[in-house]
Amino acid sequence: MNNIKTRFAPSPTGYLHIGGARTALFNYVYAKHNGGKFVLRIEDTDLERSEKIFEEDIIESLKWLSIISDEEIIRQSNRLEIYGSYIDKLLKEGKAYYCFCSKELLEEDRNRLIAENKKPMYAGRCRELKPGEELLKTPHVIRFKVNRDSSASTVFKDLIRNQLISVDNKEIDDFVLVREDGIPTYNFAVVIDDALSGITCVIRGDDHVSNTPKQIMLYNALGFNAPEFAHVSMILGQDGKRLSKRHGATSVNQYKKEGFLPEALVNYLIRLGWSHGNDEILSMEEIIKYFDLKNISKSAAIFNTEKLLWLNSHYIKSKDPFILIGLINDITDDSQSRLNVDIKTAAIVDSLKSRSKTLVELRQKLDFFVNETIEYKPQVMNEFNFNENDLVFLKSFKEFILGLDDKIFIKENALESLKVSIESIKNEFNDFLSKKGWTMKEKAMLIRLAFAGEKVSPPIYEIIFALGKERCVKRIELFSGYLSSIKIYNSKF
RNA sequence: GGCCCCAUAGUCUAGCGGUCAGGACGUUGCCCUCUCACGGCAGUAACACGGGUUCGAAUCCCGUUGGGGCUGCCA
């Protein structure tokens, strides 16, 4: 009966990026799988770089991904007294010490060691110092006194590799616990908070493995039980380098704006490094049901937008068109461009959803329907050789549209009745064509150009329904006029 | 440079001593078809290299190479 508790502890020094989102996701689903708790902690001890807007972005982005903290969110900046009491304890017990070395001096040391091809480490000048009250009034930091016994090493088990990682203490610096300004450093604050919050398992990025021995030493020095550790590999860009801005979109919020669904991002991120047999499509519920640290990959993974797009199109396809309209409106800043929530818009969205990989793409494809006027682009129109017969057809087609029963176009906001309408338009239209001895294949492109001004559009019956009689007729007339005008133009030469 | 970690197709991965090395994205071809998609079918492509251990190695061990991380009073 061990109550699992995990956490995600980002520093608010940037927007939530996909690497962080994946780490948060792993922590969240691991806790949920085990019936445990997941908590969020904001590590804002770097006063220089932390910003409130980043904190808000992180919380919002996680919420969008359905990753919610089970407890009130902790901010390290509110806990300075707590850290103070523990530092006093370490100082009193001789496990930490004051260091008065100037930054300039340390910089010199470092440069010298690097020049000598040695590992840059603190020389330990102040290790045995017993500072008097006067000296304590001068600038200083507090360092941890690492056990320097010649054979001492620090060992921990990594749950991802399922093996022990051992680091010789001589590789570990007497690292700083409290800065000159009195603010604790990451390695110190993280241990206090994880211990006090009762975190049982720390799942974090690979880049923290070298911090883990330091933290274990602190757990031991403070008399806390250390949690378990699981270091997940990092996400790399297409070039195999660490993911950064130059690889394109990296923040979760940016993906939202570009028309990705949270389900798709969650599904993609969890599969990037974790697997459950051959399953590719996984809902949050399924992920929680099956998730296991044992099935996390040890190696770094390259972020592949193609697969994310595939997942996104999958989730778009499976959504109700009315819901899609809402989602598109959610990411539309300009109130002028908002979509109407009605059956006609839904009809086009329903048709376009299997043709779009993102919500943004879907919205763009909707332009021909939303905009009142359509443009006849020369680069599109020049590909066709129009003739008199086309005008004859359009005239006849207009009559057909006008002759359609008005009842076909009046529908409740129900997708089922929509299908019936489209079916009857299809039947009527096929009758019309066969009576005239025309075929769909030869006439479809002309109609498409008239209605959409593009070579690509949703199926014609669906457009007829969505546009309605009046707009159809208007577009046929405009297009006929356009054809006549280019005919006149051509005849001059 | 030092320390730590990693290594199956272009990419994500399954595999856990005996498999025709499986799936997915991508890509190619075909079918469907009013366009484009969707969908269906088929194809393409991998165990980094070298030593061991073993009757037998993608799987275990060692080395090489390659990649990543850390080496801050950042997290």
Side-chain angles (χ1 to χ4, degrees), chain A residues 9-14 43-46 48-50 99 101 103 106-107 110 113-121 139-143 158 160-161 163 165-168 170-173 175-187 189-190 204-213 231 233-234 236 238 240-242 268 271-281 295 297-311 313-314 317 351-357 365 426 429 433 439-449 452 454-461:
Chain A
S11 63
T13 53
E43 307 220 320
D44 52 356
T45 53
D46 184 346
E48 294 282 303
R49 299 193 301 148
S50 295
C99 171
C101 297
K103 286 182 183 174
L106 294 173
E107 189 61 31
R110 182 174 302 115
L113 287 165
I114 290 171
E116 291 171 14
N117 243 333
K118 286 181 184 158
K119 181 169 182 151
M121 284 178 71
H140 60 271
V141 300
I142 299 169
R143 289 181 183 271
D158 180 81
I160 303 295
R161 282 151 262 274
Q163 75 179 30
I165 295 178
S166 172
V167 178
D168 287 344
K170 67 174 189 292
E171 297 294 334
I172 299 170
D173 219 351
F175 54 99
V176 172
L177 260 22
V178 180
R179 298 176 175 88
E180 208 173 283
D181 60 7
I183 306 292
T185 58
Y186 161 75
N187 276 314
V190 80
R204 70 207 331 184
D206 229 341
D207 49 343
H208 282 292
V209 282
S210 55
N211 283 323
T212 304
H231 294 96
S233 63
M234 319 219 59
L236 275 25
Q238 296 285 7
K241 301 289 179 197
R242 194 177 184 159
Y268 180 72
R271 274 290 288 117
L272 195 65
W274 175 79
S275 59
H276 180 256
N278 283 336
D279 293 353
E280 293 290 347
I281 306 291
N295 294 321
S297 155
K298 292 186 269 287
S299 48
I302 292 176
F303 190 85
N304 182 245
T305 310
E306 295 294 321
K307 189 156 185 182
L308 208 210
L309 282 167
W310 172 72
L311 278 165
S313 63
H314 167 83
K317 263 180 298 205
S351 177
L352 250 20
K353 70 181 187 180
S354 65
R355 289 152 222 268
S356 311
K357 289 186 195 300
K365 288 190 156 75
K426 179 182 175 181
F429 187 60
L433 284 175
T439 65
M440 186 62 167
K441 207 173 187 68
E442 64 187 8
K443 298 300 175 199
M445 192 51 80
L446 195 61
I447 301 171
R448 177 163 291 116
L449 292 172
E454 299 283 353
K455 290 189 290 179
V456 175
S457 80
I460 283 163
Y461 320 117

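Chain letters run A, B, ... following the sequence lines, proteins first, then strands; residues in each count from 1.
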Figure out the [atom1]/[atom2] separation between [X] and [N], and round it to whole Å.
| X | N | atom1 | atom2 | value |
| --- | --- | --- | --- | --- |
| A:H231 | B:C70 | NE2 | C1' | 11 Å |
| A:L236 | B:G69 | CG | P | 7 Å |
| A:M234 | B:C5 | CE | P | 17 Å |
| A:L272 | B:A24 | CG | P | 18 Å |
| A:R110 | B:C70 | CZ | P | 15 Å |
| A:N211 | B:G72 | CG | P | 11 Å |
| A:R448 | B:U33 | CZ | P | 15 Å |
| A:I460 | B:C34 | CD1 | C1' | 5 Å |

Report yes if the side chains of [X] and [Y] come closer than 4.5 Å at any heavy-atom pair, otherwise no.
| X | Y | result |
| --- | --- | --- |
| A:Y268 | A:W310 | no |
| A:H231 | A:I165 | no |
| A:V141 | A:L177 | no |

So what does [X] hit on the nucleic acid, given a heavy-atom distance under 4.0 Å: a base, only sugar-phosphate, or nothing?
| X | answer |
| --- | --- |
| A:T45 | sugar-phosphate |
| A:S457 | base |
| A:D158 | nothing |
| A:E171 | sugar-phosphate |
| A:S11 | sugar-phosphate |
| A:P458 | base |
| A:K317 | sugar-phosphate |
| A:G205 | nothing |
| A:V141 | base |
| A:S297 | sugar-phosphate |
| A:Y461 | base |
| A:K353 | nothing |
| A:R242 | sugar-phosphate |

Using atom [atom1] of each nucleotide, how far apart are [N] and [M] to the nearest Å?
| N | M | atom1 | result |
| --- | --- | --- | --- |
| B:C61 | B:U53 | P | 15 Å |
| B:G23 | B:U44 | P | 12 Å |
| B:A21 | B:G15 | C1' | 8 Å |

Choose from [options] the nucleotide whose nearest atom is closest to any side-chain atom of [X].
| X | options | answer |
| --- | --- | --- |
| A:V176 | B:U35, B:C73, B:U11 | B:C73 |
| A:S354 | B:A14, B:A75, B:C38 | B:C38 |
| A:K241 | B:C73, B:G68, B:U11 | B:G68 |
| A:A444 | B:A24, B:G72, B:C34 | B:C34 |
| A:E306 | B:G26, B:A14, B:C73 | B:G26 |
| A:S210 | B:G26, B:C70, B:U35 | B:C70 |
| A:V456 | B:C36, B:U13, B:A75 | B:C36 |

Using Watson-Crick or G-U wobble geometry with both distances below 3.5 Å, tell me the partner of B:G29, or none.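 Base-paired to B:C41.
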Between protein and nucleic acid, restricted to nucleotides 6-8 of chain B and to nitrogen or oxygen atoms under 3.5 Å apart, what atom pairs and distances do you find?
none

Can you see if the side chain of A:R204 gets near the phosphate of B:G69 - specifically, an N or O under 4.0 Å from OP1 or OP2?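 Negative; the distance criterion is not met.
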Under 3.5 Å, is there a donor-acceptor pair between the side chain of [X] and the main chain of [Y]?
| X | Y | result |
| --- | --- | --- |
| A:K119 | A:E171 | yes |
| A:D181 | A:I183 | yes |
| A:K353 | A:K317 | yes |
| A:D46 | A:E48 | yes |
| A:E442 | A:T439 | yes |

Can you find an N or O donor on one side and an acceptor on the other, under 3.5 Å apart, linking the side chain of [X] with the base of [N]?
| X | N | answer |
| --- | --- | --- |
| A:R355 | B:C38 | no |
| A:E280 | B:G23 | yes |
| A:D206 | B:G69 | no |

Taking only nitrogen or oxygen atoms into account, show me every contact under 3.5 Å that the protein makes with nucleotides 45-48 of chain B, one pair per line with its distance.
none

Distances under 3.5 Å only, N/O to N/O: pair up the protein atoms with those of nucleotides 59-65 of chain B.
none

Does the distance from a Lys or Arg side-chain N to an Asp or Glu carboxylate O, for A:D206 and A:R161, drop under 4.0 Å?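 Salt bridge: yes.
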Answer yes when A:K365 and A:E454 have at least one side-chain N-carboxylate O distance shorter than 4.0 Å, and no when they do not.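 So A:K365 does not pair with A:E454 through a salt bridge.
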Just by distance, no angles: are the side chains of A:R49 and A:S11 close enough, under 3.5 Å, to form a donor-acceptor pair?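 No, because no side-chain N or O of A:R49 sits under 3.5 Å from a partner of the opposite role on A:S11.
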